[in-house]
2 protein chains.
Amino acid sequence: MAPPIVSADVFLAVAEPRRRQILDLLREGERAVGELVERLGLAQPQVSKHLRVLKEVGLVCARKAGQRRLYSVQGAELRRVHEWVSQYERYWEHQLDRVKERAERETRRRGAGNKPGGKP
Amino acid sequence: MAPPIVSADVFLAVAEPRRRQILDLLREGERAVGELVERLGLAQPQVSKHLRVLKEVGLVCARKAGQRRLYSVQGAELRRVHEWVSQYERYWEHQLDRVKERAERETRRRGAGNKPGGKP
DNA sequence: TTGATCTATGCCGATATCAGCATATATTGA
DNA sequence: TCAATATATGCTGATATCGGCATAGATCAA
């Protein structure tokens, strides 16, 4: 994986399932690369590359411990994602309201959908 | 944009800035493709393609109104994103705690970081 | 210093994605 | 039926991304 130049974007970083997995593992606490490799069943270089992407967007940080690097979550950047997606809460909360709204849309479609009364 | 075969994934769908823009516009209410084109300053085919992706992951739905298609948000799928990212709330809430934790890590690093007392 | 371990980087090929352009497919109205 | 409008789809080239593999760099132990 060549040095990610463009993708300094949290949304993109998190769109990768493996990277979400890595973050989920790190939520348990600091982990060395080797431990992540073991638990992900992924090759070591791939894990290092994903970690690099995560580091570049500020989602993880690393500290040296002997010959190992211990990575941990630095999740502040996820706040942007949380704030964005939270704007859509009303679309899954109050599921009953959604059903109702859907029904209304149905009605509208059948009733005044094309044109109020104008049909061949 | 060829028919997206693989990317039936909400995280990926939402990783695209334009698609988030589209959703944000649709949050104001139903919109026809043409209106989105106008407000996004993007070419019509591109908008249609992004809408298709959003539709395939269930983030929007369309209804016919004359020769136009009115798209609206169907945000229930975003719940998955919200739930995932919410697991990381502690990383940006209580900023003071974070500072404290960071300080502790610093201490650990300096104190017992490499090896308790073993240093050239 | 030498060798072993742990991690990062570089290169490769396959695939996906995006924008741009042309064009096909409705749908409406004359 | 024919033209106009609105939207969808197909094709193309440029770029990004991912995994696999080899290897470089760092650190520790003897």
* To do: Check the distance between C/dG20's C1' and B/Leu42's CG and give it to me in whole angstrom.
  => 10 Å
* So which heavy atom on B/Val57 is nearest to which on B/Asp9, and how close? -> CG1-N, 3.6 Å
* Could you pull out all residues at least two apart from B/Glu83 that satisfy salt bridge (Lys or Arg N to Asp or Glu O under 4.0 Å)? => B/Arg79
* CD-CG distance between A/Gln74 and A/Leu78, expressed to the nearest 0.5 angstrom -> 11.0 Å
* Structure fact -> Between CZ of B/Arg52 and C1' of C/dT17 the distance, given in whole Å, is 14 Å
* Asked: What residues, two or more places apart in sequence or in another chain, satisfy salt bridge (Lys or Arg N to Asp or Glu O under 4.0 Å) together with B/Arg39?
  -> B/Glu28
Polar atoms only, N or O, under 3.5 Å: list the protein pairs with nucleotides 23-25 of chain D and their distances.
none

* From the options C/dC6, C/dG10, D/dC18, select the nucleotide whose nearest atom is closest to the side chain of A/Arg68. => C/dC6
* **Residue whose nearest DNA chain D nucleotide is more 5′ - A/Ala43 or B/Glu35** => B/Glu35
* Test side chain to side chain donor-acceptor pair (under 3.5 Å) applied to A/Gln21 - qualifying residues, sequence neighbours left out -> none
* **Integer-rounded Å distance: C/dT5 C1' and A/Glu38 CD** => 15 Å
* To do: Evaluate the ring planes of B/Trp84 and B/Phe11, with Trp represented by its six-membered ring, and classify them as parallel (under 30°), tilted (30 to 60°) or perpendicular (over 60°).
  => perpendicular
* Under the salt bridge (Lys or Arg N to Asp or Glu O under 4.0 Å) rule, collect the residues that match up with A/Arg18, sequence neighbours excluded. => none
* Structure fact -> note: A/Arg18, atom CZ; D/dT17, atom P; distance rounded to Å ~ 17 Å
* Is there a donor-acceptor pair closer than 3.5 Å between any side-chain N or O of B/Glu35 and the backbone N or O of B/Ala32? -> yes
* For A/Leu40 and D/dG19, what is the distance between atoms CG and P respectively, to the nearest whole Å? -> 10 Å
What nitrogen or oxygen pairs link the protein and nucleotides 24-26 of chain C at under 3.5 Å?
none

* To the nearest Å, give me how far apart CD (A/Gln46) and C1' (D/dT17) are. => 12 Å
* Structure fact -> Here the gap from B/Leu36 atom CG to B/Leu25 atom CG, rounded to the nearest 0.5 Å, amounts to 6.0 Å
